[in-house]
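A note on names: the letters A, B, ... follow the listed sequences, proteins ahead of strands, and every chain is numbered from 1.
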Amino acid sequence: MFSENLHFFEKLSIFLIETKIPHEKIKFLKNTISLKGGFIVTNPSTADVILTILKSPARISRYIGSETRKPIVSIEWVDKCVSKGARIEFVDYLIRGIEEDAMDWTTVEEEEEDQDLFDEDSNSSSSRSPIYTSENEHSDDGRDVDLDPRFLNTSYECLRPTPLKPKFNAKLVELLEVIERAREVNDQWRNALSYRRAIAVLKSYPRDIISHKEIKKIRGIGSKIGYQIESYLRTGTITEAEHILQDKRFHTLELFASIFGVGFKTALSWYRKGYRTIEDCKNHPNLTKAQQLGLQLFDDLREKTLPQNSPFSKRRMSREDVEEIYNIIKENVKKLDPGCVLQPVGGYRRGKELNGDLDLIISHPDEERVPSLLNDVITTLTEGGYIKNLLYRARSESRTGIIDHLEKCFVAFLQPSTQIKRQVDFIIATQSQFASALVGWTGSRQYERSLRRYAKREKKMVFASHGLFTNTKPRILIPTSTEREIFDILGVPWLEPEMRNC
DNA sequence: CGGCATACG
DNA sequence: CGTAT
DNA sequence: GCCG
């Protein structure tokens, strides 16, 4: 996936034992093999390699007869090749090598034969293979488990509570988030979106997933992600995610895309030019204004962490850091105009311990005061020595003087106690815009997406962070004054900000 | 097989 | 193309 | 990558 060599199965003939492999997975395997230049044969004796999910040698021998000279390999080998983007050695995936003595087989044969009779159709728990065991007890016993009745099986995340840290399925969520990020840096936002929806499901699911039959009933988890989860239940990990974490290209792309002013497409294009370090990026000829700033402030906004985790991570603020900055701003703004109303939003409001920035809505009961508010706030804080750089500014002055969207400004704010420049996002809202700004800027991103999709598809309304509208032309504003009122009109349940972490 | 959130610089 | 939730 |  991260390297370019296709056709890594070129001219490889493969005999696939389809037994016990989920239907979707069979399609995926056949598709992958032919896509990569290999081909499926129907006779094991003409195959270079035999693929199976089965573990019992006795069972396997039923499908390959007396053919004992061919390597028999777990289908996970194919997954490994796909994630590596290359044909890798199958030594680690051999179920039976070509050298092995057939005698060892017959010993296990009898006890396993009997089990096979029960295995055939069944929901009974199957014996565990050595290659599938791990230190943790992961149980995918294949039982037909009903979904937990407390779980709302909807494709709209905004209809069910999602905590910041999942009580269950935490490791699985972590692994899927790795794949989500990999899809993002590879500019596959639709795939990333699917992973995000699946992650949101697992974060809100009220117990650990224990069976792959349970998974498939959940809206948002289909065959591919379902298979990843199934594999996780067997092995305790997801090979693709483990691979991504080893992949230097992935980490470099994440690093580049973490520069302010550099998105996934630019990160990819720079990588293709051969850039590998921040220094390389600084030498790029046509840097935009934003990118120049982003590179200049990179060490402030970012920090190298322990090489065990991803080698670079955002220099995040504790809640105390955020509060320190918030109190300074509040003091200065109140001094400027006591009528101002300040409301921290974003991840901080959702309860995050570590925050990449501070998002702050500033409002004022007097609509006349609002248009000049941002300038005054910026000026005061700049003169106070706090604001060191302006990163981005959206003005909202229309000819008629009517503000139809939110004025906002992102700045680099010098935190006194640490002397680190922190990103602060100011959002200006009139009183009539305040409620929607609150909903719109509290997030999470996925919560916003689902709320907006729900509003449009189920209620024929359009929600934006400056207001709720009818989905007509022209759009008609539906006045709202509180968060709860917006939820009521949309018919979505009230969720505490801490439960909007999808 | 189209749609996937919405807005602004 | 980039920014934000 | 998943759904309607």
Side-chain angles (χ1 to χ4, degrees), chain A residues 24 28 153-158 176 179-180 182-184 186-201 215-216 218-228 257 259-269 286-291 293-294 344-350 352 355-361 390-398 403-411 423-427 433 436-458 461-469 471 475 497 500-502:
Chain A
E24 292 300 329
F28 168 68
N153 195 8
T154 172
S155 60
Y156 295 108
E157 292 88 350
C158 60
L176 291 174
I179 303 178
E180 178 197 20
R183 296 292 182 273
E184 267 178 358
N186 276 293
D187 203 22
Q188 300 171 294
W189 69 265
R190 290 168 192 82
N191 301 47
L193 177 59
S194 290
Y195 275 90
R196 174 44 52 184
R197 288 177 174 166
I199 289 161
V201 160
I215 299 165
K216 289 173 183 163
I218 299 175
R219 280 196 250 185
I221 298 181
S223 64
K224 296 261 185 63
I225 296 176
Y227 173 73
Q228 304 270 40
I259 302 164
F260 188 92
V262 179
F264 300 127
K265 290 187 194 259
T266 305
L268 272 168
S269 84
N286 312 314
L287 289 172
T288 67
K289 270 284 161 60
Q291 289 162 354
L293 259 174
V345 284
Y348 176 81
R349 184 166 183 243
R350 297 198 310 277
K352 282 182 70 177
N355 294 272
D357 65 5
L358 162 62
D359 304 296
L360 190 58
I361 299 176
L390 299 187
L391 300 170
Y392 176 95
R393 176 138 190 194
R395 292 174 178 78
S396 80
E397 187 92 39
S398 70
I403 297 161
D404 65 342
H405 64 267
L406 302 176
E407 205 179 355
K408 50 186 180 278
C409 184
F410 309 154
V411 307
Q423 184 172 336
V424 177
D425 300 350
F426 292 96
I427 299 98
Q433 293 169 323
S436 52
L438 198 49
V439 174
W441 279 84
T442 295
S444 64
R445 179 168 105 135
Q446 189 54 32
Y447 181 84
E448 299 300 324
R449 288 175 145 189
S450 71
L451 191 71
R452 287 155 201 236
R453 194 161 59 94
Y454 185 84
K456 182 173 273 182
R457 311 243 304 230
E458 309 296 332
M461 296 178 199
V462 177
F463 177 73
S465 51
H466 57 91
L468 182 60
F469 304 88
N471 190 19
R475 291 175 177 179
R500 302 178 202 166
N501 284 295
C502 36

What integer distance in Å separates [X]:[atom1] from [N]:[atom2]?
{"X": "A:Arg449", "N": "C:dT5", "atom1": "CZ", "atom2": "P", "answer": "13 Å"}
{"X": "A:Arg453", "N": "D:dC3", "atom1": "CZ", "atom2": "C1'", "answer": "9 Å"}
{"X": "A:Arg393", "N": "C:dG2", "atom1": "CZ", "atom2": "C1'", "answer": "18 Å"}
{"X": "A:Ile427", "N": "B:dG9", "atom1": "CD1", "atom2": "P", "answer": "14 Å"}
{"X": "A:Tyr156", "N": "B:dC4", "atom1": "OH", "atom2": "P", "answer": "10 Å"}
{"X": "A:Gln291", "N": "C:dG2", "atom1": "CD", "atom2": "P", "answer": "8 Å"}
{"X": "A:Glu458", "N": "D:dG4", "atom1": "CD", "atom2": "P", "answer": "10 Å"}
{"X": "A:Ile215", "N": "D:dC3", "atom1": "CD1", "atom2": "P", "answer": "13 Å"}

Hey, can you tell me if A:Tyr392 and A:Phe410 have their rings parallel, tilted or perpendicular (30° and 60° cut-offs)?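 Ring orientation, 0 to 90° scale: parallel.
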
Per [X] side chain, nearest of listed nucleotides [options]:
{"X": "A:Arg190", "options": "C:dT5, B:dC4, C:dG2", "result": "B:dC4"}
{"X": "A:Ser223", "options": "B:dA5, D:dC2, B:dT6", "result": "D:dC2"}
{"X": "A:Ile225", "options": "D:dG1, B:dA7, C:dA4", "result": "D:dG1"}
{"X": "A:His405", "options": "B:dA5, B:dA7, D:dG1", "result": "B:dA7"}
{"X": "A:Phe260", "options": "C:dT5, C:dA4, B:dC4", "result": "C:dA4"}
{"X": "A:Arg197", "options": "C:dA4, C:dG2, D:dG1", "result": "D:dG1"}
{"X": "A:Lys224", "options": "B:dC8, C:dA4, D:dG1", "result": "D:dG1"}
{"X": "A:Phe410", "options": "C:dA4, B:dC4, C:dG2", "result": "C:dA4"}
{"X": "A:Arg350", "options": "D:dG1, C:dG2, C:dT5", "result": "C:dT5"}
{"X": "A:Tyr392", "options": "C:dG2, D:dC2, C:dA4", "result": "C:dG2"}

Would you mind classifying the nucleic acid contact of [X] as base, sugar-phosphate or nothing, using non-hydrogen atoms under 4.0 angstrom?
{"X": "A:Ile218", "answer": "sugar-phosphate"}
{"X": "A:Ile179", "answer": "nothing"}
{"X": "A:Ser450", "answer": "nothing"}
{"X": "A:Phe426", "answer": "nothing"}
{"X": "A:Phe463", "answer": "sugar-phosphate"}
{"X": "A:Thr442", "answer": "sugar-phosphate"}
{"X": "A:Val345", "answer": "nothing"}

Side-chain donor-acceptor pair present, A:Thr442, A:Arg349, cut-off under 3.5 Å: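 On atom types as modelled, these side chains qualify, holding a pair under 3.5 Å.
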
Side-chain N or O of [X] less than 4.0 angstrom from OP1 or OP2 on [N]?
{"X": "A:Arg183", "N": "D:dG1", "value": "yes"}
{"X": "A:Gln228", "N": "D:dG1", "value": "no"}
{"X": "A:Lys456", "N": "B:dT6", "value": "yes"}
{"X": "A:Arg452", "N": "B:dA5", "value": "no"}
{"X": "A:Arg196", "N": "C:dT5", "value": "no"}

Tell me which of A:Asn191 and A:Arg219 sits closer to the 5' end of DNA chain D, going by the nucleotide each one is nearest to.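 Comparing both residues, the 5'-ward one is A:Asn191.
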
By nearest nucleotide on DNA chain D, pick out whichever of A:Ser194 and A:Ser155 is the more 5' one.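 Closer to the 5' end of DNA chain D: A:Ser194.
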
Do [X] and [Y] have side chains that get closer than 4.5 Å, going by heavy atoms?
{"X": "A:Tyr195", "Y": "A:Ile225", "result": "yes"}
{"X": "A:Thr266", "Y": "A:Gln291", "result": "yes"}
{"X": "A:Arg500", "Y": "A:Glu448", "result": "no"}
{"X": "A:Ser444", "Y": "A:Arg350", "result": "yes"}

Looking only at atom P, what distance separates B:dA7 and D:dC2, rounded to whole Å?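 Going atom to atom, P in each nucleotide, I get 28 Å.
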
Reference residue A:Glu180; test salt bridge (Lys or Arg N to Asp or Glu O under 4.0 Å); the match among A:Arg196, A:Arg190, A:Arg197: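 When salt bridge (Lys or Arg N to Asp or Glu O under 4.0 Å) is applied between A:Glu180 and each of A:Arg196, A:Arg190, A:Arg197, only A:Arg196 qualifies.
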
